[in-house]
Colleague: 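Below is a structure I'd like to ask you about.
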Amino acid sequence: MGVIVLAFGTGVVNTFDRSERPGRTRYPYTRRSGNGGMFRPFRESVEAALGSALEARELSTDDLGIEEPPEDVDAVLASSIAFRLAGELGAAPPEVAARLADEIDAAGYEYVDRVEPTGPYLNFFPDEAYFEGTLEAGQDSAYGALPPKDTSIVVEHTSANPTGPVHVGRARNPIVGDAVANLLEYAGYDVDRHYYVNDAGRQMAVFTWAYERFEESELPEPARDRAEYRMVRYYRRGNDFLENADPEALEAAEAEIETILQGLEAGDEETYERVTEVVDTVLAGMKACLGRLPATFDEFIKETRFMRDGSTDDVVVRLKELHGAVYENDAWQLEFEDIEKNLVFLRADGTSLYTTRDLAHHEWKLENYDRAVTVLGEDHKLQARQLRSTLSLLGHDTDRLDSVIYSYVNLPEGKMSTRRGTGVQLDDLLDEAIDRARGEVEDRLGDRLRSDDLDENAVERIARQVGVGAVRYDIVSKQPTKAITFEWDRALDFEAQSAPYVQYVHARCCGIEGEADGIEPTLDASVLETDAERELLATIARFPGVVEGAADEHEPHRIATYTREIADRFNGFYRECPVVGADDERTRSARLALVIAARHTVANALDILGVEAPESM
RNA sequence: GGGCGUGUGGCCUAGCGGAUCAAGGCGAGAGGUUCCUAACCUCUAGAGCGCGGGUUCGAAUCCCGUCACGCCCGCCA
């Protein structure tokens with residue numbers, strides 16, 4: 001099937017069948033794709049209309065000053081170009097705006113009804129076809145998804161070392177990473193999600209040594225009955241030993257750890273299997289935890305892979321030939337022009353370093369994908385810069401690489417650490433969130449107006465959707481570069497700007513549709529005349545544009561901001577406009593179609609954020 | 001010490017060169033349910049965007065300086 005895609009593709013790098021790779025769980029054979037909505041063609045029309053007007057007067061079209069007007073202006077797009085032209089044309093901005101408006105033949109462009117000057121601004125208004133088209137496009141359950149592009153992207157995220165339970169400090173990575181991947185998928189890219197497993201470093205050697213060295217009987221009870229909780233006890237015990245052992249014992253232990261590291265480097269099969277047992281066991285547990293979010297992966301790429309297949313050695317050979325390569329202090333290093341710190345890529349003992357292997361890893365990514373996005377913590381920024389520069393020196397096109405940087409989540413009392421066992425585990429956060437959500441659901445059962453009966457399963461389902469959704473939404477809705485201090489009550493606030501607020505809108509849509517027996521939705525936007533209806537429809541229309549912009553910048557929090565806007569608009573509509581109880585049939589039918597479009601929009605926006613959309617709550 | 005990032009009402013967050021109210025939420029105060037789920041809605045008080053300069057017709061948004069906080073500056077990952 002992937003072969004068919006390739007037949008249409010131009011310059012597609014991949015030569016394997018993309019649909020048959022292991023681990024695909026989301027849309028196994030088809031990507032969600034929609035027609036892309038009306039907003040984007042409207043914007044193109046505006047650009048073309050304004051551009052040609054400027055061209056006709058031989059004015060620069062570099063920056064058209066297109067922007068979205070403030071809320072109280074009901075144009076869809078505006079331009080502030082008159083400010084910039086004022087000097088050149090020797091007229092005041094409002095005068096320039098008026099003249100330009102006269103020259104633009106708005107009606108000649110698709111979806112544009114007219115352009116009006118308002119002071120110094122040019123406001124572009126959509127025609128009826130824009131609204132009709134939006135109402136129709138919104139009936140598609142994939143609304144908001146853009147047409148497929150022939151571009152593959154690998155999104156690497158989380159990649160936490162398999163040392164123990166996932167704690168909240170790193171929880172931003174899977175949550176933001178999964179959302180970025182979803183977002184790119186909606187934007188039409190062919191996305192793979194990868195978890196890079198650091199199974200070759202000292203941490204894993206220590207872990208393997210500790211696992212073999214200590215007896216379970218001397219360890220505390222695990223905090224939770226799952227693999228990574230059981231295993232991390234050995235890791236902590238081992239680190240504790242290394243910190244406190246007497247010199248001889250320490251030396252013996254270090255020798256064993258060193259043997260494991262050397263064994264991995266030499267490609268020794270037996271050593272590899274010992275380490276792999278530990279890595280795979282811990283990883284299975286972490287996978288289960290991440291699955292609760294859910295964050296899933298197409299592939300877990302192991303670091304040792306690039307040692308075993310010779311690609312790390314191959315990179316080293318090429319690195320040594322680079323102009324900036326120097327042999328200093330018994331180690332091979334690379335000097336950069338723009339980065340102060342050298343990159344050591346080969347130790348005195350001839351072994352490779354993490355970054356050396358990551359270079360091989362990224363060359364592999366660049367061979368197999370058109371683009372690569374990596375989600376990483378701010379502490380890896382320098383390393384990411386060095387990686388990028390080095391790849392560039394090796395002759396790669398690093399424009400194909402992007403990274404999304406986030407700050408760690410800290411506790412009021414400081415950092416979280418797996419090794420020291422400090423911090424809040426993601427499992428505990430999710431459990432607490434679900435418990436609190438269940439409490440909310442049960443509290444509300446009493447004064448529930450709706451006469452549907454929520455059985456135990458429904459309560460549990462809602463508690464999970466709301467609880468997990470609230471955690472994800474709280475994290476994904478903020479700019480990742482901002483630091484977060486974790487506080488239970490703030491993370492688990494179910495009111496207002498939170499997942500439940502948006503989820504509730506979805507449930508309301510479903511409620512209306514459930515009541516709308518016998519009403520057939522009709523695509524008649526002309527019946528939707530009130531401000532509340534027009535504003536809701538206009539907000540729905542923007543969705544594909546929001547997806548495109550957020551995807552371009554890898555900023556899923558913009559989708560979260562959008563969900564609040566559409567939720568506000570929907571609630572305004574809900575208050576003002578009865579659907580099932582509307583007076584005449586045409587109104588009922590048209591409003592029902594609007595509700596369906598709103599539901600699809602909200603559901604898909606939440607889907608991008610990785611938040612479930614409950615049908616009732 | 002150097003580099004990078006962050007700093008918006010009591011608290012949290014959006015905006016990151018343009019529209020004489022800087023947008024929401026929490027919290028505070030006042031209201032709203034014979035009508036599709038009140039995890040909702042309406043109204044009131046509250047900031048001039050860390051601080052000081054500068055660029056610009058116009059700055060929360062750009063530049064410089066400064067302060068605070070975070071991260072980084074390992075032959076660790």
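Just so we're clear, the structure is a prediction, and the values are computed from it rather than from any experiment. Labels below follow one simple rule: chain letters A, B, ... track the order of the sequence lines, proteins then strands, and each chain is numbered from 1.
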Colleague: Closest to the A:Glu440 side chain: B:A39, B:G18, B:A77?
Modeller: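 Of the options given, the side chain of A:Glu440 lies nearest B:A39.
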
Colleague: When all nucleic acid strands are considered with a 4.0 Å heavy-atom cut-off, which category describes A:Cys509: base, sugar-phosphate, or nothing?
Modeller: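 Touches nothing.
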
Colleague: How long is the line joining OH of A:Tyr574 and C1' of B:C41, in whole Å?
Modeller: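 Those two atoms, OH and C1', are 11 Å apart.
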
Colleague: Aromatic rings A:Tyr234 and A:Tyr211: how do their planes relate, parallel, tilted or perpendicular, breaks at 30° and 60°?
Modeller: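 Judged by the thresholds at 30° and 60°, the geometry between A:Tyr234 and A:Tyr211 is perpendicular.
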
Colleague: How far, in whole Å, is B:C51 from B:G32 if one measures between their C1' atoms?
Modeller: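 So the two C1' atoms sit 44 Å from each other.
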
Colleague: With a cut-off of less than 4.0 Å, is there a side-chain N or O of A:Arg508 near OP1 or OP2 of B:A38?
Modeller: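 For A:Arg508, the contact criterion (side-chain N or O under 4.0 Å from OP1 or OP2 of B:A38) is met.
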
Colleague: In whole Å, I'd like the distance from the CG atom of A:Asp358 to the C1' atom of B:A77.
Modeller: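 Distance check: A:Asp358 CG to B:A77 C1' gives 10 Å.
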
Colleague: Quick check on B:C73: is either OP1 or OP2 less than 4.0 Å from any side-chain nitrogen or oxygen of A:Gln383?
Modeller: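 No, no such contact exists.
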
Colleague: Where the side chain of A:Lys341 is concerned, which of B:C73, B:A23, B:A39 is the nearest nucleotide?
Modeller: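 Taking heavy atoms from C-beta onward, the closest nucleotide is B:C73.
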
Colleague: Is A:Lys482 close enough to B:A14 that one of its side-chain N or O atoms is under 4.0 Å from OP1 or OP2 there?
Modeller: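 Answer yes for this pair, as a side-chain N or O of A:Lys482 is under 4.0 Å from OP1 or OP2.
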
Colleague: Is there a stack between A:Phe83 and B:G18, judged by ring centres under 5.5 Å and planes under 30°?
Modeller: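 Taking the rule of under 5.5 Å and under 30°, the ring of A:Phe83 does stack on B:G18.
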
Colleague: Establish, from distance only, whether the side-chain atoms of A:Tyr408 and A:Arg172 form a donor-acceptor pair under 3.5 Å.
Modeller: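 Note: A:Tyr408 and A:Arg172 side chains miss the donor-acceptor criterion.
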
Colleague: Among B:A19, B:G2, B:C73, which is the nearest nucleotide to the side chain of A:Glu340?
Modeller: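 Closest nucleotide among those given: B:G2.
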
Colleague: Do the rings of A:Tyr121 and A:Phe83 sit parallel, tilted or perpendicular, given the 30° and 60° boundaries?
Modeller: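 Answer is perpendicular, since the angle exceeds 60°.
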
Colleague: Measuring from the side chain of A:Gln479 (C-beta onward, heavy atoms only), which nucleotide among B:C4, B:G18, B:G15 has the closest atom?
Modeller: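 Looking only at heavy atoms from C-beta outward on A:Gln479, the closest nucleotide is B:G15.
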
Colleague: Of the nucleotides B:G5, B:A77, B:C72, which one has an atom closest to the side chain of A:Asp379?
Modeller: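 Among the listed nucleotides, the one closest to the side chain of A:Asp379 is B:C72.
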
Colleague: Does A:Asn161 put a side-chain nitrogen or oxygen below 4.0 Å from OP1 or OP2 of B:A77?
Modeller: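 So the side-chain polar atoms of A:Asn161 never come under 4.0 Å of the phosphate oxygens OP1 or OP2 of B:A77.
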
Colleague: Output the single nucleotide from B:A19, B:A39, B:C71 whose closest atom is nearest the side chain of A:Glu378.
Modeller: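 Nearest to the side-chain atoms of A:Glu378, counting from C-beta on, is B:C71.
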
Colleague: Using only modelled atom types and a 3.5 angstrom limit, is any donor from either the side chain of A:Asn123 or the base of B:A19 paired with an acceptor on the other?
Modeller: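 Side chain to base: pair found, below 3.5 Å.
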
Colleague: Does A:Gln497 make a side-chain donor-acceptor contact with the base of B:G24, cut-off 3.5 Å?
Modeller: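 In this structure, the two groups form a donor-acceptor pair.
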
Colleague: Mind checking the C1' distance from B:A60 to B:G48? Whole angstroms is fine.
Modeller: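 To the nearest whole Å, 9 Å.
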
Colleague: Give the rounded distance in Å between these two atoms: CZ of A:Phe336 and P of B:G2.
Modeller: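 One finds 23 Å between P of B:G2 and CZ of A:Phe336, rounded.
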
Colleague: Reckon A:Ser407 touches a base, only the sugar-phosphate, or nothing at all at heavy-atom distances under 4.0 Å?
Modeller: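 Contact class for A:Ser407: none.
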
Colleague: Mind checking if A:Val595 touches a base, just sugar-phosphate, or nothing, with heavy atoms under 4.0 Å?
Modeller: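 No contact.
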
Colleague: Let's see if you can work this out: which of B:U13, B:C4, B:C26 has an atom nearest to the side-chain heavy atoms of A:Asp493?
Modeller: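 Of the options given, the side chain of A:Asp493 lies nearest B:C26.
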
Colleague: Return no unless some side-chain N or O of A:Arg357 is found under 4.0 Å from OP1 or OP2 of B:A77.
Modeller: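 For A:Arg357, the contact criterion (side-chain N or O under 4.0 Å from OP1 or OP2 of B:A77) is met.
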
Colleague: Once you round it to whole Å, what is the distance between C1' of B:G70 and CG of A:Leu382?
Modeller: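 Interatomic distance, CG of A:Leu382 to C1' of B:G70: 16 Å.
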
Colleague: In this structure, how many angstroms lie between the P atom of B:C12 and the OH atom of A:Tyr473, rounded?
Modeller: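 After rounding, the reported distance stands at 19 Å.
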
Colleague: Regarding A:Gly119, tell me which of base, sugar-phosphate or nothing describes its non-hydrogen contacts under 4.0 Å with the strands shown.
Modeller: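 Nothing: the residue A:Gly119, judged by heavy atoms under 4.0 Å, touches no strand.
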
Colleague: Among the nucleotides B:A39, B:A19, B:C40, which one has an atom lying closest to any side-chain atom of A:Pro70?
Modeller: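 Ranking B:A39, B:A19, B:C40 by closest atom to the A:Pro70 side chain puts B:A19 first.
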
Colleague: Classify A:Ala78 by what it touches in the nucleic acid, base, sugar-phosphate, or nothing, heavy-atom distance under 4.0 Å.
Modeller: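 Here A:Ala78 touches the bases of the nucleic acid.
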
Colleague: For A:Pro120, which contact category applies under a 4.0 Å heavy-atom criterion: base, sugar-phosphate, or nothing?
Modeller: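 If one applies the 4.0 Å heavy-atom cut-off, A:Pro120 turns out to touch nothing in the nucleic acid.
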
Colleague: Touch check for A:Asp349, heavy atoms < 4.0 angstrom, all strands: base, sugar-phosphate only, or nothing?
Modeller: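 It contacts nothing in the nucleic acid.
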
Colleague: In whole angstrom, what separates A:Arg84's CZ from B:C57's P?
Modeller: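 It is 13 Å, rounded to the nearest whole Å.
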
Colleague: Give me syn or anti for B:G48, where syn covers glycosidic angles within 90 degrees of 0.
Modeller: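 You should classify B:G48 as syn.
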
Colleague: When rounded to the nearest Å, what value does the distance between C1' atoms of B:C11 and B:A47 take?
Modeller: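 Here B:C11 and B:A47 have their C1' atoms 13 Å from each other.
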
Colleague: Atom CD of residue position A:Glu585 - does it have more than 12 heavy atoms of other residues, nucleotides or ligands inside 6.0 Å?
Modeller: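 Check fails, neighbour count at 12 or below.
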
Colleague: Which is true for A:Leu343 with a 4.0 Å heavy-atom rule: it touches a base, it touches only sugar-phosphate, or it touches nothing?
Modeller: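 No contact at all - A:Leu343 keeps every heavy atom at 4.0 Å or more from the nucleic acid.
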
Colleague: Separation of A:Arg558 atom CZ from B:G24 atom P, in whole Å?
Modeller: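 About 20 Å, once rounded to whole Å.
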
Colleague: Rounding to an integer number of angstrom, what distance separates B:C63 and B:U55 when you compare their P atoms?
Modeller: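 After rounding to an integer number of Å, I get 15 Å for this pair.
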
Colleague: Hey, does A:Val344 reach any base, or is it just sugar-phosphate, or nothing, if we go heavy atoms under 4.0 Å?
Modeller: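 Contact class for A:Val344: sugar-phosphate only.
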
Colleague: Are a donor atom and an acceptor atom from the side chains of A:Asp199 and A:Thr304 found within less than 3.5 Å of each other?
Modeller: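 There is such a pair between these side chains.
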
Colleague: In whole angstrom, what separates A:Tyr504's OH from B:C41's C1'?
Modeller: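 Nearest whole value for this atom pair: 11 Å.
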
Colleague: Within the structure shown, what part of the strands sits under 4.0 Å from A:Val505 by heavy-atom distance: base, sugar-phosphate, or nothing?
Modeller: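 Nothing, no nucleic acid heavy atom in range.
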
Colleague: Is A:Arg575 close enough to B:C41 that one of its side-chain N or O atoms is under 4.0 Å from OP1 or OP2 there?
Modeller: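 For B:C41, neither OP1 nor OP2 has a side-chain N or O of A:Arg575 closer than 4.0 Å.
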
Colleague: Return the minimal non-hydrogen interatomic distance between A:Leu319 and A:Ala325, and the atom names on each side.
Modeller: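 Minimum heavy-atom separation between A:Leu319 and A:Ala325: O-CB, 3.2 Å.
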
Colleague: Do we see a donor-acceptor contact under 3.5 Å between the side chains of A:Thr351 and A:Arg347?
Modeller: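 Distance-only check passes for A:Thr351 and A:Arg347.
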
Colleague: Should A:His557 be listed as having a side-chain N or O under 4.0 Å from OP1 or OP2 of B:C16?
Modeller: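 False: A:His557 side-chain N/O out of range (4.0 Å or more) of B:C16 OP1/OP2.
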
Colleague: Does the cation-pi check pass for A:Arg508 over A:Phe570, that is, NZ or CZ under 6.0 Å from the six-membered ring centre and within 45° of its axis?
Modeller: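 No - A:Arg508 does not lie over the ring of A:Phe570 by the 6.0 Å and 45° rule.
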
